[in-house]
Protein chains: 2
Amino acid sequence: MTSTPAKNNATCPHDKRVSCGNCRLNTICLPITFHVDDIDRLNDIIQRGRPLQKGEYLYRANDTFQSVFAIRSGAVKALTLSDSGSEQITGFYLPGEVVGMDGIADNRYTNSVIALETSSVCEIPFSRMEDLSLQIPSLQRHFFQLLSREITQDQHIIALLSKSSAETRIAALLLSISSRNSRRQLSATQFHLPMSRTDMGNFLGLTIETVSRIFSRLQKQGVLAVDKKEITILDLPALTTLSTENH
Amino acid sequence: MTSTPAKNNATCPHDKRVSCGNCRLNTICLPITFHVDDIDRLNDIIQRGRPLQKGEYLYRANDTFQSVFAIRSGAVKALTLSDSGSEQITGFYLPGEVVGMDGIADNRYTNSVIALETSSVCEIPFSRMEDLSLQIPSLQRHFFQLLSREITQDQHIIALLSKSSAETRIAALLLSISSRNSRRQLSATQFHLPMSRTDMGNFLGLTIETVSRIFSRLQKQGVLAVDKKEITILDLPALTTLSTENH
DNA sequence: CGTACCTTTGACTCGTGTCAACAATGGTGG
DNA sequence: CCACCATTGTTGACACGAGTCAAAGGTACG
């Protein structure tokens with residue numbers, strides 16, 4: 001609500017005066033085959049609010065589903081409340097990625113989504129997107145692919161959790177973040193972890209102590225340099241080997 | 001290819017002379033809001049081949065994606081080959097459920113699907129389904145929901161694998177099968193497991209020995225009666241409690 | 001500058017995996 | 001129809017990886 005009517009195209013990633021046409025991430029979250037005026041039509045239905053602060057909810061489990069959200073900057077976590085009441089993180093989402101698709105099935109979200117750091121998102125009202133999809137076949141195709149990609153990623157995680165040791169899980173998570181960073185033209189070997197050790201452990205099915213011990217061990221072995229949440233991958237091949245070992 | 005041109009509406013679930021209009025499962029795999037002639041249009045694009053025998057592949061990982069498949073009878077398992085080469089089962093699919101949606105993202109399947117017993121499937125060519133979806137909004141909506149439901153189910157499994165003990169995992173799997181059976185008007189407390197102990201263990205991230213021991217223990221406790229693959233749930237509340245305990 | 005939270009490290013415990021032997025099952029061919 | 005063999009499931013003894021409990025060190029924020 002602060003009125004700063006300056007017209008300069010700010011480079012701040014949280015800036016809300018951005019359109020899909022000039023968004024750095026549009027090759028990630030939009031299909032490449034889009035025509036310019038189709039991009040404009042999509043852009044018209046997208047809403048951009050103020051950035052979320054760390055810890056703020058984007059939406060909560062059981063909220064009525066209305067939109068999916070593309071992360072433009074920052075990072076968020078999605079989590080379910082298990083039947084027993086405890087939180088289970090089901091995924092981390094970085095810029096260019098889309099959350100909220102769990103809500104389509106029953107018209108209410110099954111996850112809650114919380115910002116891990118200051119984050120801005122593009123809200124895509126789903127019913128308007130559906131209408132548009134009927135007119136733009138490549139948009140329909142794109143959303144089918146987005147949903148499908150979420151399925152394959154979740155199944156990757158299932159495979160990871162089902163079979164592998166603590167070390168393998170952590171290696172795989174680090175490599176996942178690494179490759180998603182490099183897709184955004186960021187360093188694949190040096191980056192900031194947006195989540196806490198607790199969140200990593202929760203997601204990977206490990207205790208925080210185990211996460212901490214593995215980090216220490218990988219550091220002693222010269223595979224990683226860890227400084228708080230700043231990670232440097234020193235031996236990428238070694239980490240890759242670790243991530244593919246099962247048990 | 002055997003020509004038995006009899007016109008009687010056979011009750012054999014593997015019979016291929018079935019249309020969506022008269023399929024017992026259509027309330028599960030089709031949206032309720034369908035008009036009769038829309039059902040006919042969908043039915044026209046669906047292909048029904050000969051049943052799969054136990055152990056046969058429906059498709060293999062890396063095959064070019066062309067269709068999704070509704071299970072009409074029997075049961076199948078989906079599995080990925082992990083980087084290290086070992087198989088990881090990512091799900092079991094029962095009649096009325098749809099497999100193959102992992103292939104949409106990159107136009108090739110990431111899973112292989114194998115019949116657990118003699119099974120018949122309805123093949124839905126995806127590009128024709130997409131075309132039809134542009135004309136029938138409720139069909140587009142239905143497929144978004146199907147994909148979304150797969151996501152929420154996979155995330156359930158992530159939560160299960162991430163947090164819970166061997167006993168909880170097995171209880172949850174049994175209850176999942178139980179509820180899916182009752183959705184098909186079958187008994188919720190007495191049923192045949194389509195998969196081997198090995199498959200259960202693989203899926204749940206447990207060894208076959210552990211699966212076996214848990215079954216024995218639950219039987220001693222009077223929660224289950226187990227006779228080979230025939231399961232009788234004797235104490236549903238107890239099993240439910242077990243399935244919601246985390247660790 | 002103090003308080004609250006997060007992370008690290010150590011000692012010990014426990015659940016599940018591993019290894020091994022054996023039983024039961026089911027399919028095949030004589 | 002039965003005997004054989006391969007496959008699958010069961011049970012036991014033991015080992016080990018990760019959880020638990022506890023304490024101390026760091027870090028961030030008011």
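Chain identifiers are assigned alphabetically (A, B, ...) following the order of the sequence lines, protein sequences preceding nucleic acid strands; residue numbering begins at 1 within each chain. The shown structure was predicted, so the numbers you read here are calculated from the model rather than taken from an experiment.
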Sorted by chain and number, sequence neighbours left out, ring-ring contact (aromatic ring centres under 6.0 Å, His included) with B:Y109 holds for B:Y59, B:F65
Measure [atom1]/[X] against [atom2]/[N] and give the value in whole Å, please.
X	N	atom1	atom2	value
B:K163	C:dT16	NZ	C1'	20 Å
B:L193	D:dG9	CG	C1'	13 Å
A:E209	D:dA18	CD	P	13 Å
A:I208	D:dT27	CD1	P	15 Å
B:E167	C:dG17	CD	P	14 Å

Could you pull out the protein-nucleic contacts involving nucleotides 28-30 of chain D (nitrogen or oxygen on both sides, under 3.5 Å)?
none

Just compare C:dT7, C:dT16, D:dT20 and give me whichever is closest to any side-chain atom of B:A166.
-> C:dT16
Picking from C:dG17, D:dT10, C:dT7, which would you name as closest to the side chain of A:S196?
->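 Closest nucleotide among those given: C:dT7.
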Between A:V211 and B:T207, name the one whose nearest nucleotide on DNA chain C is closer to the 5' end.
->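 Nearest-nucleotide comparison on DNA chain C picks A:V211.
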Sorted by first residue and then second, give each salt bridge (Lys or Arg N to Asp or Glu O under 4.0 Å) pair with at least one member in [range]; sequence neighbours left out.
range	value
residues 108-121 of chain B	none
residues 164-184 of chain A	A:E97-A:R180, A:E167-A:R217
residues 196-213 of chain A	A:K77-A:D199

For DNA chain C, the residues among residues 212-227 of chain A that have a non-hydrogen atom under 4.0 Å from it = A:S212, A:R213, A:S216
Closer than 4.0 Å, any side-chain N/O of B:T210 to the OP1 or OP2 of C:dG17?
->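 So the side chain of B:T210 is within the cut-off, an N or O lying under 4.0 Å from OP1 or OP2 of C:dG17.
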Gap separating the CG atom of B:L173 from the OG atom of B:S243, nearest 0.5 angstrom =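 Separation between the atoms: 11.0 Å.
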Got a sec, which residues hit salt bridge (Lys or Arg N to Asp or Glu O under 4.0 Å) with A:E56, two or more places apart in sequence or on another chain?
-> A:R50
Non-neighbouring partners of A:E230 that pass salt bridge (Lys or Arg N to Asp or Glu O under 4.0 Å), sequence neighbours left out = none
Enter the inter-axis angle for the ends of the helix from C:dC1-D:dG30 to C:dG30-D:dC1 (five pairs per end, rounded to 10°).
-> 50°
Do A:S162 side-chain atoms and B:G205 backbone N/O form a donor-acceptor pair below 3.5 Å?
-> yes
What residues, two or more places apart in sequence or in another chain, satisfy side chain to side chain contact (heavy atoms under 4.5 Å, CB included) together with B:A78?
-> B:T90, B:Y93, B:N111, B:V113
Nucleic acid contacts of residues 197-206 of chain B, taken as heavy-atom distances under 4.0 Å to DNA chain D =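 Close to the strand are B:R197, B:T198.
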Sort and list the pairs that fulfil ring pair (Phe, Tyr, Trp, His ring centres under 6.0 Å) and have at least one residue in residues 146-195 of chain A, not counting sequence neighbours.
-> none
